[in-house]
Amino acid sequence: MNEKSPAVRSLLDRREFIRSAATGATIAVLGGGIYRFADEVLNQEAQAAPRADGRPRLPPGQRLLQALKPMGGEPGHPSVSAYRLKVHGLVKEPFELDFRTLLAAGAVDLALDVHCVTGWSVFDAQFRGVRIADLASRAQVLPTAKHVILEAAHGYTANVPLDVALAPQNLVAWQLGGKRLPEAHGAPVRAVIPDRYFWKSAKWLTGIRFVAVDEPGYWETRGYHNRADPWREERYG
Ligand SMILES: Nc1nc2c(c(=O)[nH]1)N[C@H]1C(S)=C(S)[C@@H](COP(=O)(O)O)O[C@H]1N2
Ligand SMILES: [Mo]
């Protein structure tokens, strides 16, 4: 394999090509050579294309997949009619939304990169949801709040500092890839915190609680890193 030949480089600039490379397709290039592009080529391209903040798009030690992998967990109640999201804790105006009200609370469609601690990442996963920041401003978070606890079915929780939680790419999401979120991925509603390892993205979300003192969650109390920044490889605590 010759990654540096100009023909290969120019092909690599084309998105469509990158997609076919991801499938491991065999490609004939100018000059008659046949190159089989393994996933590593795509991963090297991903490493080379930095984010707006200058970080490599693919964090260290991660490998790109084409779609989210269901990683398990104990699902909550699947029914949308029974669904409630509670926004509470250190806020001036706590509130609860049912599914219909949530859908009408200012939905956005975002293409988000996610990074699982087990080593896979997905680029541009299409989520529809409401920004956590919008829910927070509606609740009027008190100045004493410093951390956010994402609460899910069966007592699963994940913690993030308030400033991290309020980043504009963080969602409470009910659609993935233009379709209703599959149950395995957290239906009816999950959190998405793309810039932290994916365990922070609580599936089967039931509440967002603002607190003064940090509360390490399900994985954070089982040996995983409290901050979980994929670019620092904060996998284990
Ligand atoms: N409620 C709940 N949320 C959860 C989990 C869980 O077990 N329960 N697992 C976490 C972990 S470890 C990961 S990697 C992601 C996986 O999300 P996915 O199954 O949609 O890929 O969900 C996170 N959210
Ligand atoms: Mo995970």
Side-chain angles (χ1 to χ4, degrees), residues 22 58-80 82-88 97 99 102 109-130 132 135 147-161 164-165 167 169-209 215-237:
L58 191 67
Q62 296 295 109
R63 186 170 176 282
L64 204 55
L65 295 186
Q66 294 297 102
L68 299 198
K69 220 161 130 172
M71 297 300 288
E74 204 181 336
H77 199 292
S79 121
V80 295
Y83 184 75
R84 298 289 183 278
L85 177 72
K86 202 170 159 184
V87 180
H88 62 135
L97 297 176
F99 192 69
L102 178 64
D109 288 296
L110 298 181
L112 301 172
D113 296 353
V114 302
H115 312 290
C116 177
V117 72
T118 60
W120 59 262
S121 293
V122 169
F123 289 170
D124 289 331
Q126 300 281 338
F127 286 102
R128 175 174 292 177
V130 172
I132 291 177
L135 298 172
H147 299 269
V148 176
I149 310 304
L150 302 165
E151 303 174 316
H154 312 291
Y156 185 97
T157 60
N159 57 320
V160 277
V164 172
Q169 72 272 20
N170 295 331
L171 296 180
V172 162
W174 57 85
Q175 270 191 22
L176 172 63
K179 296 183 187 137
R180 190 64 67 75
L181 203 58
E183 185 179 49
H185 291 298
V189 173
R190 78 176 300 164
V192 187
I193 311 287
D195 283 358
R196 291 294 175 265
Y197 282 123
F198 210 27
W199 81 74
K200 298 280 188 188
S201 294
K203 302 189 278 191
W204 311 294
L205 189 73
T206 57
I208 300 174
R209 181 162 49 91
E215 293 178 19
Y218 183 87
W219 288 114
E220 294 82 5
T221 55
R222 285 166 176 79
Y224 286 83
H225 200 285
N226 196 53
R227 189 167 49 194
D229 181 340
W231 288 271
R232 301 187 196 202
E233 287 206 73
E234 293 171 338
R235 299 175 193 272
Y236 309 104

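For the numbers below, each heavy atom of this structure counts, side chains included, while hydrogens, waters and symmetry mates do not. Both counts, for ligands and for their atoms, begin at 1 and track the order of listing.
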Checklist entry - Got the closest protein heavy atom to atom 1 (N) of ligand 1, with its distance? => result Lys203 O, 2.9 Å
Checklist entry - Can any side-chain N or O of Arg235 pair as donor or acceptor with the backbone N or O of His225 at less than 3.5 Å? => result no
Checklist entry - Should the ring pair Tyr236 and Tyr224 be called parallel, tilted or perpendicular, given that the plane angle runs from 0 to 90° and is split at 30 and 60? => result tilted
Item to check | Sub-4.0 Å atoms of ligand 1 with respect to non-hydrogen atoms of Ala184 | outcome: 19 (O)
Checklist entry - Which is closest to atom 23 (C) of ligand 1 in terms of heavy atoms, Trp204, Phe198, Trp219? => result Phe198
Checklist entry - Given side chains that start at C-beta, do those of Leu135 and Leu97 come closer than 4.5 Å, heavy atoms only? => result yes
Checklist entry - Which one of Val122, Asn170, Asp113, Leu110 satisfies the side chain to side chain contact (heavy atoms under 4.5 Å, CB included) criterion with Pro194? => result Asn170
Checklist entry - Does the pair Lys200/Glu220 count as a salt bridge with the N-to-O cut at 4.0 Å? => result yes
Item to check | Among His185, Lys69, Arg190, closest by any non-hydrogen atom to atom 17 (O) of ligand 1 | outcome: Arg190
Next on the checklist: Working to the nearest 0.5 angstrom, can you tell me the gap between Trp199 CH2 and Tyr156 OH?
Outcome noted: 8.5 Å
Checklist entry - Looking only at protein heavy atoms, which one is nearest to atom 7 (O) of ligand 1, and how far off is it? => result Gly73 CA, 3.3 Å
Next on the checklist: Apply side chain to side chain contact (heavy atoms under 4.5 Å, CB included) to residues Trp120 and Val114 and explain how you reach the verdict.
Outcome noted: CA-CA 8 Å; Trp120 59 262; Val114 302; 4.1 Å; yes
Checklist entry - CH2/Trp204 to NE2/His77 distance, rounded to the nearest 0.5 angstrom? => result 14.5 Å
Next on the checklist: Taking 4.0 angstrom as the limit and counting only heavy atoms of Pro70, give me the atoms of ligand 1 inside it, by number and element.
Outcome noted: 19 (O)
Checklist outcome for this item: Short version for Ala158: what comes under 4.0 Å of ligand 1, heavy atoms counted, is neither
Checklist entry - For ligand 1, which atoms, with element, lie under 4.0 Å from some heavy atom of Ala152? => result 1 (N)
Item to check | Protein heavy atom at shortest distance from atom 9 (N) of ligand 1 | outcome: Tyr156 OH, 3.7 Å
Checklist entry - Going by distance only, is there an N or O of Met71 that falls short of 3.5 Å from an N or O of ligand 1? => result yes
Item to check | Test of proximity, Trp120 against ligand 1: N or O pairs below 3.5 Å | outcome: no
Checklist entry - Which ligand 1 atoms are under 4.0 Å away from a heavy-atom of Cys116? => result 14 (S)
Checklist entry - Do Glu151 and Lys86 sit within salt-bridge range, that is, some charged N less than 4.0 Å from a carboxylate O? => result no
Next on the checklist: Test of understanding: given a 4.0 Å heavy-atom threshold, classify the contact between Trp199 and ligand 1 as side chain, backbone, both, or neither.
Outcome noted: both
Checklist entry - Which ligand 1 atoms does Ala202 reach within 4.0 Å, using its non-hydrogen atoms? => result 3 (N), 24 (N)
Next on the checklist: I'd like to check whether Ser201 has a polar contact with ligand 1, where a contact means an N/O of the residue lying under 3.5 Å from an N/O of the ligand.
Outcome noted: yes
Item to check | Ala184 backbone acceptor or donor facing Lys203 side chain under 3.5 Å | outcome: yes
Checklist entry - Can you find a non-hydrogen atom of Gly186 under 4.0 Å from ligand 1? => result no
